[in-house]
Number of protein chains: 2
Amino acid sequence: MADDRLSRVFSALADPTRRDIVARLASGDATVNELAEPYDVTVQAVSKHIKVLEDAGLVSRGRDAQRRPCRLEADVLDLMTKWIERYRREAEDRFRRLDAVLERTAEQSAADAPAKEAAS
Amino acid sequence: MADDRLSRVFSALADPTRRDIVARLASGDATVNELAEPYDVTVQAVSKHIKVLEDAGLVSRGRDAQRRPCRLEADVLDLMTKWIERYRREAEDRFRRLDAVLERTAEQSAADAPAKEAAS
DNA sequence: CCACTATTCAACCAATCGGTTGACAATGCC
DNA sequence: GGCATTGTCAACCGATTGGTTGAATAGTGG
């Protein structure tokens, strides 16, 4: 119960290399060696990155002889989108309401004191 | 040029406490002390969390006497949603195409060998 | 001016992270 | 069987992280 799923997903995607790996997996499955090729880090480092993505549920692995092909699990991305969208919408609604209040207040002031400015 | 915006946003939200702070700010601005109250960590720790969120562009701060009220900047959330949705859609499309191919292949096999099952 | 409140800065600490090297397991091919 | 290929495990290292305590800054209100 150490850390929830959402935390693992967010922190998995906090690393640019891992985001890049996800981007590449979106256009097709790939083996660890294929994924490691473009970077100038060891294949072990990439293996670790993939493990992080796997623990977050973002990729699953198959078995093809001694190869362990990686596949993107897009479902988990919904989890993040849902979290994000919820608060974005909430904040936007709040701003909308605030704007409405301000507008009404402005109208009121105009009505109450049609020609008077606030004293300095 | 150390780290890009997206990395900062993702890693800011990788922490449960920070996600919680964002959630609370979505329903209204708050000061550091108010935000710190529910947690059993020092106010300094929360101040650091807010700084992380601020550096990621997720919150902005105002000035009201000696208070520095925090406000959620929801725009940045769009950045993440866009990144996520792009690859989710890409992966989904790929699966859809793959399904279509498999279906066509299945039809073909059925036509080629109407009554024959594959040998054990 | 003084005291109080709100917030941050600085130094420190343990844990985690991204990377390395080196050894090891598993599988296919000759 | 022997060997090359693919991938992981283990131990280590320096940097970063999330937390602490203690001191400093800044603005309010008597």
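Atoms considered below: every heavy atom in the structure, side chains included; atoms not considered: hydrogens, waters and symmetry mates. Below, chains carry the letters A, B, ... as their sequence lines are ordered, and counting in each starts from 1.
- Each of C:dT21, C:dG19, D:dA23 was ranked by its minimum atom distance to the side chain of A:K48; first place goes to C:dG19.
- When the C1' atom of D:dT16 is taken as reference, atom CG of B:D15 falls 14 Å away, rounded to whole Å.
- Residue B:A45 places its side chain closer to D:dT20 than to any other of C:dT20, D:dG27, D:dT20.
- Taking 4.0 Å as the cut-off between side-chain N and carboxylate O, A:D55 and A:K51 count as a salt-bridged pair.
- Nearest to the side-chain atoms of B:V41 among the listed nucleotides C:dG19, D:dG19, C:dT27 stands D:dG19.
- The CZ-C1' distance, from A:R63 to C:dT27, rounds to 9 Å in whole Å.
- When the C1' atom of C:dA6 is taken as reference, atom CD of B:E37 falls 15 Å away, rounded to whole Å.
- Distance, A:N33 CG to D:dT8 C1': 12 Å, rounded to whole Å.
- Between B:R88 and B:D93, none of the side-chain N atoms (NZ, or NE/NH1/NH2) sits under 4.0 Å from a carboxylate O, so this pair counts as no salt bridge.
- What separates CZ of B:R67 from C1' of C:dT8 is a distance of 16 Å, to the nearest Å.
- B:L13 places its CG atom 12 Å from the P atom of D:dG18, with the value rounded to the nearest Å.
- Heavy-atom nearest nucleotides on DNA chain D were determined for B:S11 and for B:D64, and the one closer to the 5' end corresponds to B:S11.
- Each of C:dT7, D:dG19, D:dT5 was ranked by its minimum atom distance to the side chain of A:Q66; first place goes to D:dT5.
- Distance from the side chain of A:Q44 is smallest to C:dT20 among C:dT27, C:dT20, D:dG18.
- Dashed line: the shortest gap from a side-chain N or O of A:R61 to OP1 or OP2 of D:dT8 is under 4.0 Å.
- In summary, A:D29 and B:R94 engage in a salt bridge, as defined by a charged side-chain N under 4.0 Å from a carboxylate O.
- Residue B:S47 places none of its side-chain N or O atoms closer than 4.0 Å to OP1 or OP2 of C:dT7.
- Scanning both residues, A:V22 and B:W83, for their nearest heavy atoms gives CG1-CH2, 3.9 Å.
- At a threshold of 4.0 angstrom between heavy atoms, the contacts of B:K51 with the nucleic acid are absent.
- With 3.5 Å as the limit, one finds no donor-acceptor pair spanning the side chains of B:S60 and B:E54.
- For the pair A:I50 CD1 and D:dT6 P, the interatomic distance rounds to 14 Å; values are reported in whole Å.
- Formation of a donor-acceptor pair under 3.5 Å by the A:R24 side chain with backbone atoms of A:L35 is found in this model.
- One end of the helix from C:dC1-D:dG30 to C:dC30-D:dG1 points its axis 20° away from the other end's axis, with each axis taken from 5 pairs and the angle rounded to 10°.
- Using a 4.0 Å cut-off, some side-chain N or O of B:T42 falls inside it from OP1 or OP2 of D:dT20.
- Between B:H49 and the phosphate of D:dT17, there is no side-chain N or O to OP1/OP2 separation shorter than 4.0 Å.
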Would B:H49 and B:Y39 count as a side-chain contact (heavy atoms from CB on, under 4.5 Å) here? Give the steps. CA-CA 12 Å; B:H49 279 310; B:Y39 314 108; over 6 Å; no
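- Both A:R18 and A:A65 lie near DNA chain C, and the one whose nearest nucleotide falls closer to the 5' end is A:R18.
- Between A:R18 and the options A:L13, A:I50, A:V52, a side chain to side chain contact (heavy atoms under 4.5 Å, CB included) holds for only A:V52.
- Put simply, CG on A:D55 is 14 Å from C1' on C:dC17, counting in whole angstrom units.
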